[in-house]
Amino acid sequence: MAPSFKPFKLALIQLGNITANKVENIKHAREMILKAATNNKPDLIVLPECFNSPYGHMHFPVYAEKIGFTGKSYNVAQSESESVKMLSNAAKETKTWLIGGTIPERDGENLYNTCTVYNPDGNLVALHRKVHLFDIDIPGKITFKESETLTGGSTMNYFDTEFARIGLGICYDVRFPELAMISARRGCHALIYPGAFNMTTGPLHWEILQRARAVDNQVFFAMCSPARDLTAGYHAWGHTMVVDPMAKILVEAGDAEDILYADIDPTVFESARAGIPVTTQRRFDVYPDVSRS
Ligand SMILES: NC(=O)CC(=O)C(=O)O
């Protein structure tokens with residue numbers, strides 16, 4: 001059963017200074033987690049997609065780390081991943097839940113774009129591999145092919161805290177409404193996706209997709225981006241954002257490094273569902289309930 005939904009404070013780190021130097025990237029991410037925790041005492045901190053490596057399919061094999069997640073028995077101290085060790089220590093030190101953005105992960109022959117989640121004791125409690133790979137070609141604008149080096153994940157994932165059930169996705173996953181819908185029907189109160197849209201799709205789709213997923217499913221929805229760096233190979237859109245279940249934008253960053261805070265209020269979730277009761281008006285006699293398949 002999902003935990004009961006209680007108020008909580010969310011912090012999203014729109015991380016800057018992601019360079020070719022992995023050690024420095026991990027160090028900077030750690031400093032920003034500590035800063036986010038000190039400034040405003042959030043309950044849950046989020047990092048962006050690809051926080052320890054430049055974003056691009058050619059970089060993934062170079063920066064990939066072995067995580068070897070085995071579920072409940074996973075021992076972070078024995079992990080080969082420097083990023084996992086840092087994230088676990090930072091969660092423990094700050095006594096805060098942490099969605100550790102994403103890193104390129106190596107598992108046997110395969111590479112994944114992977115998000116790991118830590119509880120305030122520093123235990124790795126959930127892992128999500130980007131299910132839908134970002135393969136697009138908009139002539140004259142952007143061509144990107146994650147599938148050149150990555151394999152797509154094959155599971156849906158959420159985790160339970162003492163304040164909410166949180167569903168996970170990564171960036172391009174937001175374009176596939178089934179993932180969000182099924183997470184919401186499985187009891188998630190908030191869906192949080194590390195992401196890194198770009199200068200073509202960002203202005204067009206970043207906001208509308210999040211507001212659509214939020215209002216369709218009557219959940220809180222947040223995406224956490226890296227800051228924009230025009231010297232990097234990939235120019236992230238930024239605009240890290242939190243949307244409430246009525247599709248209202250609660251907070252939105254610009255393009256620079258920033259830490260955003262949002263108070264997540266369950267009464268908004270409850271009043272959205274009571275006032276516009278789509279969750280009880282579905283017509284599964286007319287169309288199938290895909291969340292049950
Ligand atoms: N970077 C992504 O995975 C997705 C993206 O930029 C888009 O969907 O647009």
Side-chain angles (χ1 to χ4, degrees), residues 12-16 18 25 46-64 99-105 110-116 127-157 167-181 183 191-214 216-217 221-230 232-243 249 252-255:
L12 298 139
I13 300 174
Q14 182 160 293
L15 195 70
I18 302 174
N25 294 340
V46 187
L47 282 176
E49 182 173 28
C50 223
F51 80 85
N52 73 357
S53 140
Y55 188 41
H57 68 81
M58 68 301 270
H59 302 298
F60 299 140
V62 182
Y63 289 77
I99 297 180
T102 80
I103 64 168
E105 179 200 2
N110 292 336
L111 299 176
Y112 300 93
N113 186 344
T114 301
C115 173
T116 52
L127 178 145
H128 178 76
R129 290 170 167 165
K130 191 173 190 171
V131 171
H132 305 93
L133 295 182
F134 180 42
D135 284 0
I136 65 164
D137 184 17
I138 307 176
K141 300 279 190 193
I142 176 170
T143 301
F144 203 96
K145 207 149 190 249
E146 279 187 320
S147 65
E148 290 272 349
T149 50
L150 297 184
T151 299
S154 53
T155 56
M156 297 191 46
N157 298 283
L168 296 169
I170 300 170
C171 204
Y172 200 58
D173 284 339
V174 71
R175 292 187 182 272
F176 299 85
E178 292 89 341
L179 195 74
M181 183 181 74
S183 297
L191 306 181
I192 302 182
Y193 292 21
F197 271 36
N198 51 79
M199 301 299 288
T200 301
T201 62
L204 289 170
H205 300 153
W206 174 259
E207 175 186 324
I208 197 170
L209 284 167
Q210 293 184 69
R211 296 181 70 195
R213 296 297 85 87
D216 272 356
N217 298 299
F221 200 98
M223 288 182 80
C224 185
S225 171
R228 189 174 310 153
D229 175 2
L230 294 177
Y234 182 89
H235 302 159
W237 172 237
H239 291 264
T240 291
M241 181 176 285
V242 183
V243 181
I249 298 173
E252 178 178 0
D255 56 24

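All ligand and atom numbering here is 1-based and tracks the order in the structure.
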>> Heavy-atom pairs closer than 4.0 Å: do any link ligand 1 to the side chain of Y172, the backbone, both, or neither?
In response: both
> Using heavy atoms and a threshold below 4.0 Å, how should the contact between E146 and ligand 1 be classified: side chain, backbone, both, or neither?
Replying inline: neither
>> Give me the residue, atom name and distance of the protein heavy atom closest to atom 4 (C) of ligand 1.
In response: C171 SG, 3.3 Å
> For A196, is at least one N or O under 3.5 Å away from an N or O on ligand 1?
Replying inline: yes
> Taking non-hydrogen atoms only, is R175 closer than 4.0 angstrom to ligand 1 via side chain, backbone, both or neither?
Replying inline: side chain
> Looking at atom 9 (O) of ligand 1, what's its closest protein heavy atom, distance included?
Replying inline: T201 OG1, 2.6 Å
> At a non-hydrogen distance cut-off of under 4.0 Å, which region of Y234 contacts ligand 1 (side chain, backbone, both, or neither)?
Replying inline: side chain
> With a cut-off of 4.0 Å, which atoms of ligand 1 are near a heavy atom of N198?
Replying inline: 6 (O), 9 (O)
> Quick one: CD on E207 to CZ on F197, what's the gap to the nearest 0.5 Å?
Replying inline: 12.0 Å
> Of all residues at least two apart in sequence or in a different chain, which pass the side chain to side chain donor-acceptor pair (under 3.5 Å) check with H132?
Replying inline: D173
> Short list, please: which atoms of ligand 1 are under 4.0 Å from a heavy atom of Y55?
Replying inline: 1 (N), 2 (C), 3 (O)
> Partners of H239 by ring pair (Phe, Tyr, Trp, His ring centres under 6.0 Å), sequence neighbours excluded?
Replying inline: W237
>> Could you tell me if the side chain of Y172 sits less than 4.5 Å from the side chain of I136, heavy atoms only?
In response: yes
>> Only heavy atoms of K130, strictly under 4.0 Å: list the atoms of ligand 1 that pass.
In response: 2 (C), 3 (O)
> Got a second to check how far F60's CZ is from M58's CE, nearest 0.5 Å?
Replying inline: 8.5 Å
> Are W206 and S225 close enough that some pair of their side-chain heavy atoms sits under 4.5 Å apart?
Replying inline: yes
>> What's the separation between atom OG1 in T116 and atom CG in L127, rounded to the nearest 0.5 Å?
In response: 6.5 Å
